[in-house]
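See structure below.
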Protein chains: 2
Amino acid sequence: MKRSNAQRLRDALEDDIINGRRTPGERLDPDTLCREFGVSRTPVREAVQQLVASGLVTVSPKKGTFVARVGIDELIEMFEVMAELEGMCGRLAARRIGEAELEALRQAHERCEAAARAGDSDDYYYENEAFHDCIYRASHNGFLAGEARQLKQRLKPYRRLQLQVRQRLPSSLAEHREIVAAIEAGEAGRAEQALRDHVLIQGERFSDFVASVRRFGVYREAAPDGAAAR
Amino acid sequence: MKRSNAQRLRDALEDDIINGRRTPGERLDPDTLCREFGVSRTPVREAVQQLVASGLVTVSPKKGTFVARVGIDELIEMFEVMAELEGMCGRLAARRIGEAELEALRQAHERCEAAARAGDSDDYYYENEAFHDCIYRASHNGFLAGEARQLKQRLKPYRRLQLQVRQRLPSSLAEHREIVAAIEAGEAGRAEQALRDHVLIQGERFSDFVASVRRFGVYREAAPDGAAAR
DNA sequence: AGGGTTGTTCTTGTATGAAGTGTTTATCAG
DNA sequence: CTGATAAACACTTCATACAAGAACAACCCT
């Protein structure tokens, strides 16, 4: 299946934003993108609009388009919803998971443990994602899984800041164990609670989080063209 | 604030789809839309793409663009998520609602009762929406409220089919009373449960629902250009 | 007669140019 | 030096022209 230019561009930009190669607040100049990708303005415009629709980019009329800069208050709100979605996935998964999926979940968890033992932070990040994706799939609700993935994408530029909190990794693993146990036992309420806490607990260390975020100038709504953009 | 042509077009099409003037599966011919609205293909294309992003329209490359036709299985999944979002709104609202918002909620409920007494189905539909919107706002989570509204929009073309189930209206009102009571009492768990049930209960009468949906040819994935489109 | 192939005709996707509108900056006057 | 006004610039938006790919149908060959 051949993807259109606009699609490729969208994926590339999305990847850039998610992986921090373009930081929130950075300007996205259409003409520059045209030259970079060797296409005309039309597909660029389309890609940008799709990113606007998914919330990763904002466009201020007559001022330019920028990588979306999410305010701290909205960030909290998004985490709150993310926790709920994860919890719902866990609740459904505990009731609906099949034997093969359960085995896949166990293996994903084991890979997380291995990555943690090896001390490979990047690898753990990846395996952690795979672990959660197992739960999404096990919920047997494709729409829910899609929404959860989309929101997670949108939060990714900020998630990467908080996984490096001291001592987060061991407790994260312990939470994973509790999650697996709850799903294995088929205890829906317990799985929901465990997953919700697993996401929300990161918000508890909020002062740390805010501190690290502020250094990136996330919360400068009042100055859209602030230092980070220039 | 002057809206662009693409925006006006998008709103018009969205309204058409939501209110059933364009049924799921119907073809959206770009050229026809151009003539209808007196604009060129560019803004039409833009509007269509925005609708694709919000899930109301699907475009099959080289085959045409159609009003999104959601399969029954996915419809169930979406209702499941909708119930969860509503429940979450209720839980947060029970904890966070202010006095003024509580009064607005009571009044919205009263207007629902009035519409029901008057037997005005359309009016009830509108007031019911206002009632739920009160709860969204009272959750004090703007992001959550936005997601809930968006999903509700996406479900609207199908919701209209089920509100006419016999005896649904009186029980719907009773559920509203329970919801208001739970929020007034500040009982988060009870409010969450009441709202979740309020949405899910509609799925219980699923055979009725499926029956009415099938007549509209919603579940004809195998025949994309089925009878409904011609 | 049936199946494969080829050609035509839709369809989407891309490019480019032009215009209109808001913002910003520079200059002039007080 | 400060304020206002005007002009220039930059961005978005729309239109039109063009290209390429896929589906469908007709036709030919087997």
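In what follows, every chain begins at residue 1, and chains take the letters A, B, ... in the order their sequences are listed.
When rounded to the nearest whole Å, the span between CD of Q7(A) and P of dT12(C) equals 15 Å. Whole-Å rounding puts the N5(B) CG to dG20(C) P distance at 13 Å. Atoms CD (Q49(A)) and P (dC11(D)) sit 16 Å apart, rounded to a whole Å. Atoms CD (E46(B)) and C1' (dG13(C)) sit 14 Å apart, rounded to a whole Å.
For E127(A), the salt bridge (charged side-chain N to carboxylate O under 4.0 Å, His left out) partners at least two apart in sequence or on another chain are R111(A). Shown here are the side chain to side chain donor-acceptor pair (under 3.5 Å) partners of Q49(A), two or more places apart in sequence or in another chain: E46(B). For the side chain to side chain donor-acceptor pair (under 3.5 Å) test, residues two or more places apart in sequence or in another chain that qualify with D29(A) are T32(A). Residues passing the side chain to side chain contact (heavy atoms under 4.5 Å, CB included) test with E103(A), sequence neighbours excluded: R106(A), Q107(A). Annotation: side chain to side chain donor-acceptor pair (under 3.5 Å) contacts of E74(B) (sequence neighbours excluded): none. With sequence neighbours left out, the ring pair (Phe, Tyr, Trp, His ring centres under 6.0 Å) criterion links H132(B) to H176(B), H198(B). A search for side chain to side chain donor-acceptor pair (under 3.5 Å) contacts involving D120(A) returns nothing, not counting sequence neighbours.
The list of salt bridge (charged side-chain N to carboxylate O under 4.0 Å, His left out) pairs with a residue in residues 130-142 of chain A, not counting sequence neighbours, reads D133(A)-R137(A), D133(A)-R149(A). Listed by first and then second residue, the salt bridge (charged side-chain N to carboxylate O under 4.0 Å, His left out) pairs that reach into residues 83-93 of chain B are E84(A)-R91(B), R91(A)-E84(B), E84(B)-R196(B), E86(B)-K152(B), R91(B)-E192(B), sequence neighbours excluded.
Relative to the axis of its first five pairs, the axis of the last five pairs of the helix from dA1(C)-dT30(D) to dG30(C)-dC1(D) sits at 10°, rounded to 10 degrees.
A salt bridge is absent between R95(A) and E80(B): the closest approach of a Lys/Arg side-chain nitrogen to an acidic carboxylate oxygen does not fall below 4.0 angstrom.
Residues from residues 36-45 of chain B that place a heavy atom under 4.0 Å from any atom of DNA chain C, listed by number: R41(B), R45(B).
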Between the protein and nucleotides 7-11 of chain C, are there any N/O to N/O pairs under 3.5 Å, and if so, what are the atom names and distances?
{"from": "dT11(C)", "atom 1": "OP1", "to": "R27(B)", "atom 2": "NH2", "distance (Å)": "3.4"}

